[in-house]
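Below is one structure, written out as structure tokens; the observations come after it.
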Amino acid sequence: MASNFGVVSEPNNAEALSLDPGASPPPYEEEAATKEHTNVVVRFLKRADVVLVLLLVAGLIGVVVANIRHKSQNPVANNVTQEYDTVKLPLTGFITNNQGISIGAASVAINGTLKVNDGLIVAPSVQPNAPTAGQLYYDQNTNQLAYYNGTGFVPLTAQSQTQVVQSVGGLSGAITLGSGLTTVGNQIVAVSNPGVTSLGGQTGAIALGSGLKLTANGLQNAGVLSVSAGNNISVTNDGNGNYTVTNTGAGTGTVTSSGGTAGSIAMFDAAQNIVDSLISQSGGQVTITGDLNVVTGGLSLGNALTVSNGGTGVGSLADNGVVVSHGTGSFTAVTTGSPGLCLMSTAGAPAFGACPGNSGVTTLNGLSGVLTIANASGAGGTITLDDANTSGGKGISSFNSTNFSASAGVINTIQDINTTATPTFGRLTVSSGQAANPMLVVNNTNLAATGNLLDLQLGGVSKFSVQPGGNIAATGTINGQTISSSAS
């Protein structure tokens, strides 16, 4: 049984024992104020407690002397537990608790020097939550002995106090290491990542950029490894990996460009700037917005220049032929297979044929030389007579469009008047000087006809009609007489 021994001191002395978590230190200030008012009997009991403590110390001294003598009589013994037996001291009248030995509400304190032979054991515990300046405790988690300096616990190590870490990240006291950390010697190191912890200030998963590669834990260059000089080109290296490529050719000018138009072919202007030219390309088509001037050499086209663009549309024409156009179509050539032929017009393209000459017309109605046909026109070998509408002219008469119609040279009467026609006239007058024949004949050869042979109407209403059977139907009177089925 481990105990603290000493003389009970006045209440204003600091407590020397550490406390468990959750326990509150005795209120020494209040205790001192209370003891000022204690009676004489209590003071007498305190003196009795002192006497009991002195007797206890004397007993312990006797036990130590007896053990020394026992050891001297057994010099070959080397086991401490065999040399000394457990000594039990009766503490009748003492009140023991986890604050020490006390009588009543008092604490045991030692006002003099405390000398403990053969070591002093401080029971491991967690850090007290209400410590007193000067209090010692042995941390059961970190296995370190620490004392409270009034503001925090300071571990007791072999190094000086100035070399001991007072806090980590603003934390003090018992600090546990997080996942992936451990201690090696007096250093905190990473367990899962003992190598590079950051690269260029970046941590975590870092991807290699273009031109870099990782081979056998080594970061290597996978981009341009060297730059060699060629014709009219020089390369210099400043030793830091910076290469300068210089043109050593004959040209000394500079080229600039403010940006061009998509599809335009670039050209140099007078200030050696790259600008748009008059030539542009879209797909397989090249467009020139200005004049094309071929100074030297020839112009070769893969396809014949079309007629709409000023060409012939063909790559070649027949020898000794006459070129004939065809609107926007390609040109053709008219050739002859024999000599002595003349190019004569036709309804289509001209053609070579026998020339009009000695074998043709020599005279016309006894006339020769230059002849003119009145009221006629000629085109090629064809003479066309005009209508006889000139004053006193003779020949083909002209037709009035009101009385006659003409189509493709065929003359026809208006309303196609014929033996089967049914023309309509505004007025019909029959006048004849004949004496034996009837003036008006209405003959229906269809004996089964039911229509009237004669029907005189007024406003579309029949007023007088002759029926196929010869009956006459009339409306009105004849010479004042009413004609009806009952009239006589």
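Computed from heavy atoms alone, side chains included, the values below leave out hydrogens, waters and symmetry copies.
By the 4.5 Å heavy-atom criterion applied to side chains, Leu136 and Tyr148 are not counted as neighbours. For the pair Ile274 and Phe268, the minimum side-chain heavy-atom distance is below 4.5 Å.
Formation of a donor-acceptor pair under 3.5 Å by the Ser330 side chain with backbone atoms of Gly313 is found in this model. A donor-acceptor pair is defined here as one N or O able to donate and one able to accept, closer than 3.5 Å; such a pair exists between the side chain of Thr346 and the backbone of Gly348. Using modelled atom types, one side-chain atom of Thr289 and one backbone atom of Leu278 make a donor-acceptor pair closer than 3.5 Å. Remark: side-chain polar atoms of Gln281 are not paired, donor with acceptor, to backbone N or O of Ile265 under 3.5 angstrom. The closest donor-acceptor contact from the side chain of Gln434 to the backbone of Ala436 lies under 3.5 Å. When atom types are taken as modelled, the side chain of Thr215 and the backbone of Gly218 share no donor-acceptor pair closer than 3.5 angstrom. Asn437 contributes no side-chain N or O that, together with a main-chain N or O of Ala435, makes up a donor-acceptor pair within less than 3.5 Å. Looking at Asn452, its side chain never comes within 3.5 Å of a backbone N or O of Asp455 through a donor-acceptor pair. No side-chain donor-acceptor contact under 3.5 Å links Ser325 to the backbone of Gly327.
For the residue pair Ser308/Thr306, the side-chain donor-acceptor check at 3.5 Å is satisfied. Side-chain atoms of Asn479 and Thr477 form no donor-acceptor pair, as typed in the model, at a separation below 3.5 Å. Side-chain contact, Ser405 with Asn412: no donor N or O sits under 3.5 Å from an acceptor N or O.
A perpendicular orientation is assigned to the rings of Tyr137 and Phe153, their planes being inclined by more than 60° (bins at 30° and 60°).
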Residues Val307, Asn309; criterion side chain to side chain contact (heavy atoms under 4.5 Å, CB included); working and verdict: CA-CA 5 Å; Val307 174; Asn309 290 303; over 6 Å; no
